[in-house]
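Each remark here refers to the structure printed beneath this line.
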Amino acid sequence: MRILVWHVHGGWMEAFVRGQHEYLLPKSSDGGAWGLGRGGRDWPAAAREVDLDTLDPASVDAVVLQRPEEIAAVARTLGRRPGVDLPAVYLEHNTPKGDVPFTLHPLADQTTIPVVHVTHFNQLFWDTGTATTTVIEHGIPDPGHLYTGEREEMGVVVNEPVRRGRVTGTDLLPGFAGVGPLRVFGMGTEALPEALNLKGFGLSEERLRIAGDVSAPRLHEDLARCRLYLHPLRWTSLGLALLEAMHLGMPVLALATTEASRAIPHGAGLVSNDVDELQRFARRLLDDPDDAYAMGIVAREAALQRYGLDKFLRAWDELLAELPKGTRRESRPEPGAAPARRDNARHDNARHDTNARHDTERTHP
């Protein structure tokens, strides 16, 4: 199939473009959020940059939508309506924002475009009304078992931790820095030392080591030298860096929020909302490299089984194969199905407003 898909979430696309299809990535001269193309990534040749304005509409077999505004953009430029004239699926990367758990999804209560969630937690917490939903969990191209744990450090990967603040658990980092050194990777991490002010906590600035935004190969190599991986995020779909760390063979520590308890099995580290317990466990692993290594083996085996690339691509192949059949159906409910909710104007507005605010962060870790 020839699939139109914007480069919105680079980490997720790392897996998606490694399938058996041709991936059409809109590219513009400014290279912004609506025209990033490949973004300089080392992706297979099947991931092709295209000019949406000159793209042959008939050459597109399906579109994977990731922002509500893309529905109107496709209809305007290709003259084909997603879910009506063009097979379409809406991929939801994020946890809901706003009035959780009552947050209404932008594609709630429509029957032509199925919504795909990347975690079961997301499917549970988004209110999608009568829309068809499914879950296809993340897939990770295996970086290999690179873990050495030679550095007595906690590795953290987070993008824009100062701006995102409590969402990413940035406020928890000084407490962990009191336990041992942190090595932090990601965009915008250069602002962390000033924001955290470790001196105000009586800690040496050496407890916070900023690695910054680095390429994936270097990230994997450097992160794997840290003794453990720390995932302090409070409200995120499921950090791909966490799954990559598990693939590397790292023991992991995470808050017991969103999907973490499903992703991290017993024996791979610790999942807890007791921050003191997490800090004590971090100190234990920093002091015992053999124990840390053994836990990393458990983490890697679990990650390969649940978040392996082949499993991910097979699930998408099966879904995409069903899309044309689904989009040819009329939008009226199936016999016996519950009618679409019309008792709340909020649902009607969200269903038809393709410009509804929906912040899919391209920098989501």
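Here the structure is a predicted model, which means the values were calculated and not measured.
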Sub-4.5 Å side-chain heavy-atom contact between Y147 and R300
no
Does a side-chain heavy-atom distance below 4.5 Å link R225 with L146?
no
Quick check: does any side chain N or O of T103 sit under 3.5 Å from a backbone N or O of K97, one acting as donor and the other as acceptor?
yes
Locate the shortest heavy-atom distance separating L248 from P143; write the atom from each residue and the value.
CD2-CG, 3.7 Å
Establish, from distance only, whether the side-chain atoms of D53 and T77 form a donor-acceptor pair under 3.5 Å.
no
What orientation do Y90 and H105 show, parallel under 30°, tilted 30 to 60°, or perpendicular over 60°?
perpendicular
Between R283 and D287, is a salt bridge (Lys or Arg N to Asp or Glu O under 4.0 Å) present by the stated rule, with each step listed?
CA-CA 6 Å; R283 187 63 260 172; D287 291 339; 2.7 Å; yes
Can you list the steps and then say if F176 with Q279 is a side-chain contact (heavy atoms from CB on, under 4.5 Å)?
CA-CA 6 Å; F176 284 97; Q279 290 176 359; 3.7 Å; yes
Scan side-chain atoms only and decide if S28 and D30 contain a donor-acceptor pair under the 3.5 Å cut-off.
yes
D317 side chain to Q20 side chain, donor-acceptor N/O pair below 3.5 angstrom:
yes
Could you tell me whether E153 and R227 have a side-chain N and a carboxylate O separated by less than 4.0 Å?
no
Test L240 against I140 for side-chain contact (heavy atoms from CB on, under 4.5 Å), laying out the working first.
CA-CA 8 Å; L240 290 180; I140 303 294; 3.9 Å; yes
Polar side chain donor-acceptor pair, Q66 to H93, under 3.5 angstrom
yes
Is the backbone N or O of R38 less than 3.5 Å from a side-chain atom of E49, with the two atoms forming a donor-acceptor pair by type?
yes
Please lay out, stage by stage, how R280 and E277 fare under the test salt bridge (Lys or Arg N to Asp or Glu O under 4.0 Å).
CA-CA 5 Å; R280 290 192 297 270; E277 182 183 25; 5.6 Å; no
Any sub-3.5 Å donor-acceptor pair from H138's side-chain atoms to Y307's backbone N or O?
no
Just checking H7 against W34, ring centres under 6.0 Å apart?
no
Distance-only donor-acceptor check, side chains E206 and S204, under 3.5 Å:
no
Can you tell me if S59 and R2 form a side-chain donor-acceptor pair at under 3.5 Å?
yes
Between F121 and W235, what is the ring plane arrangement, given parallel below 30°, perpendicular above 60°, and tilted in between?
perpendicular
Evaluate the side-chain proximity of L253 to Y229: yes if any heavy-atom separation is below 4.5 Å, no if none is.
no
When you measure from the side chain of D61 to the backbone of I3, do you find a donor-acceptor pair of N or O atoms at a distance under 3.5 Å?
no
Is a donor on one side and an acceptor on the other found under 3.5 Å between the side chain of T134 and the backbone of V116?
no
Between L223 and V157, does the side-chain contact (heavy atoms from CB on, under 4.5 Å) criterion hold? Intermediate values first, please.
CA-CA 9 Å; L223 185 61; V157 181; 4.0 Å; yes
Would a hydrophobic clustering, with Ile, Leu, Val, Met, Phe, Trp and Tyr connected at side-chain separations under 4.5 Å, put M250 with L304?
no
Could you tell me whether the side chain of T168 and the main chain of G165 form a donor-acceptor pair under 3.5 Å?
yes
Begin with the C-alpha distance, continue with both residues' side-chain angles, and end with the deciding distance and a verdict on salt bridge (Lys or Arg N to Asp or Glu O under 4.0 Å) for D291 and R284.
CA-CA 9 Å; D291 200 14; R284 167 187 162 185; 2.7 Å; yes
Compare every heavy atom of A254 with every heavy atom of A260, then report the nearest pair and how far apart it is.
CB-CB, 4.3 Å
Do the side chains of R67 and V8 get nearer than 4.5 Å, heavy atoms only?
yes
Go through the steps for R80 and V63 under the test side-chain contact (heavy atoms from CB on, under 4.5 Å), then give the verdict.
CA-CA 11 Å; R80 300 176 67 186; V63 57; over 6 Å; no
Following the transitive rule for hydrophobic clusters with a side-chain heavy-atom cut-off under 4.5 Å over Ile, Leu, Val, Met, Phe, Trp and Tyr, establish whether V298 and L230 coincide in one cluster.
no
Does the plane of the ring in F16 sit parallel, tilted or perpendicular to the ring in W12? Use 30° and 60° as the thresholds.
parallel
Heavy-atom distance under 4.5 Å between the side chains of L24 and V5, does that happen here?
no
Mind checking whether W126 and V135 sit in one hydrophobic cluster, side chains of I, L, V, M, F, W, Y counted as touching below 4.5 Å?
no
Quick one: does M13's side chain get under 4.5 Å of Y23's, heavy atoms only?
no
Are any of the side-chain heavy atoms of T170 and L192 separated by less than 4.5 Å?
yes
Quick one: are L52 and W6 in side-chain contact, heavy atoms under 4.5 Å?
yes
Minimum heavy-atom separation for P265 and M246, please, with both atom names.
CD-CE, 4.0 Å
Contact summary for L4 and P26, nearest pair of heavy atoms:
CD1-CG, 3.8 Å
One pair to check against salt bridge (Lys or Arg N to Asp or Glu O under 4.0 Å): R76 and E69. What are the steps and the verdict?
CA-CA 11 Å; R76 182 178 63 253; E69 300 88 347; over 6 Å; no
Neighbour count above 12 (heavy atom, 6.0 Å) for R262 CZ:
yes
Does a donor on one side chain sit under 3.5 Å from an acceptor on the other, for S237 and N122?
yes
